[in-house]
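A short write-up of the structure that comes next.
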Amino acid sequence: MKDHKFRISSYTKSLETQLMDLESQSKQGKLVQLKMKRDSFDSRSKVFEDYRIFVALAKDKSLQGVSAGAIVPLKINDQIERTGLGYDLRVQKDWRRMGLARQFGFNLIENYFKPSGVSKFCTTAKKENLAVYKAARSLYYNWYDTSFIYLTISTDTSISKINNTGREPGFSAGLLSGRQSLRSWYTLSDSGIGIFYTFKMYSLLVHHISPIVRLGIKLRNLFKGSRMSVPSRGEEIKFVTAFDITRENINSFPGILKDLRDKGIQFCNIVCSQNDFIHEALRNFALNEYEYILIRSFELDDIDRITIDVRCL
């Protein structure tokens, strides 16, 4: 019988091999299965000014799991709030459903966020990821959620006209701090749209693509008149995330896609809210449209606007 008393400690480079092996076991998606690739496990965290990575080790010093947290800016309407973000939760298959995710969450809140003076906590997850809900609920806080949309747009996409007449976004992305120190991580177009080089934190390797998806891409190419290549197994996918999109600058997006394509970047991610002007303008050009949620420990009104820092996506 396994000893369920988890021993959580801080990340060290000596665990890098085990952490990267755990990362390789974690596949994302169903019809399209992707694996995260990064130069080192802490590459996603280094963009934050204040972060911690925690690991859990069994008695034999083998890795049970890992979790990371950062203190990030989150804009609610026009007010910046210091918020504790949880991310990069990974648990070895043999140690799942034993309460380790809950222990990681408790550790982040009690041993990192609260001592740092942070009282608001959040994480993001696909809407279908019930495990994240379950782990959050077990922490005995009142939890709320805000839905948002992830659009994935191929840089091969040709966009001739954009309709920007929808409502204002209730959820959007910005770069809310650290612009000077992160100058090599992003660019700003002449129109003001920002492009964050997410692939510098991590890229994605294609593990499996369903024949259904292959057929769908071929049909799309036939009827939309613009070519989108079918990724092959083992191919590395580089993508960026757009931020600071406004009604006034969204018409410059087709030119930004062309520039990204010329740089060898395959995809651009965009976050928005259901049926806002960004969603209405670009949804028909998206390869994928995923529903995500921001799970938060603080209550908001339906009319409140949220701007998430692009590094959190």
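Since the model is a prediction, treat every value here as computed from it, not as a measurement. When reading the values below, keep in mind they use all heavy atoms of this one structure, side chains included, and skip hydrogens, waters and symmetry mates. Note that the numbering runs from 1 along the sequence shown for the chain.
For the pair R38 and E23, the salt-bridge criterion is met [side-chain N within less than 4.0 Å of a carboxylate O]. Salt-bridge annotation for K13 and D42: present, with a side-chain N of the basic residue lying under 4.0 Å from a carboxylate O of the acidic one. In summary, R283 and D276 do not engage in a salt bridge, as defined by a charged side-chain N under 4.0 Å from a carboxylate O. A salt bridge between D145 and K126 is absent, with no side-chain N of the basic residue lying under 4.0 Å from a carboxylate O of the acidic one.
Counting only heavy atoms from C-beta outward, the side chains of R7 and L57 never approach each other to under 4.5 Å.
Taking D60 as the reference, A58, S62 meet the side chain to side chain contact (heavy atoms under 4.5 Å, CB included) condition, with sequence neighbours excluded. Judged as a side chain to side chain donor-acceptor pair (under 3.5 Å), and not counting sequence neighbours, the contacts of T198 are T241.
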Enumerate, atom names and distances included, each donor-acceptor pair closer than 3.5 Å involving a side-chain atom of residues 99-110, sequence neighbours excluded.
| unit_1 | atom_1 | unit_2 | atom_2 | d |
| --- | --- | --- | --- | --- |
| R102 | NE | S138 | O | 3.1 |
| N107 | OD1 | N111 | ND2 | 2.7 |
| E110 | OE2 | K114 | NZ | 3.0 |

Listed pairs under 3.5 Å, donor-acceptor, residues 305-313 side chains, sequence neighbours left out:
| unit_1 | atom_1 | unit_2 | atom_2 | d |
| --- | --- | --- | --- | --- |
| R305 | NH2 | D78 | OD1 | 3.3 |
| D309 | OD1 | R311 | N | 3.0 |
| D309 | OD1 | R311 | NE | 2.8 |
| D309 | OD2 | L176 | N | 2.9 |
| D309 | OD2 | R311 | NH2 | 2.9 |
| R311 | NH1 | V47 | O | 2.9 |
| R311 | NH1 | E49 | OE1 | 3.2 |
| R311 | NH2 | S177 | O | 3.4 |
| R311 | NH2 | S177 | OG | 2.8 |

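Evaluation of the ring pair (Phe, Tyr, Trp, His ring centres under 6.0 Å) test over residues 59-92, restricted to residues two or more places apart or in two chains, returns F48-Y87. Note on residues 150-180: pairs passing ring pair (Phe, Tyr, Trp, His ring centres under 6.0 Å), not counting sequence neighbours, are F148-F171, Y150-Y292.
The number of heavy-atom neighbours closer than 6.0 Å to CG of D259, taken from other residues, nucleotides and ligands shown, is above 12. Summarising the local packing, CG of D262 is surrounded by more than 12 heavy atoms from other residues, nucleotides or ligands at distances under 6.0 Å.
In this pair, F121 and F113 present their aromatic rings parallel. The plane angle is below 30°, not in the 30 to 60° band.
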Stepwise side-chain contact (heavy atoms from CB on, under 4.5 Å) check, Y186 with I195 = CA-CA 5 Å; Y186 73 96; I195 296 297; over 6 Å; no
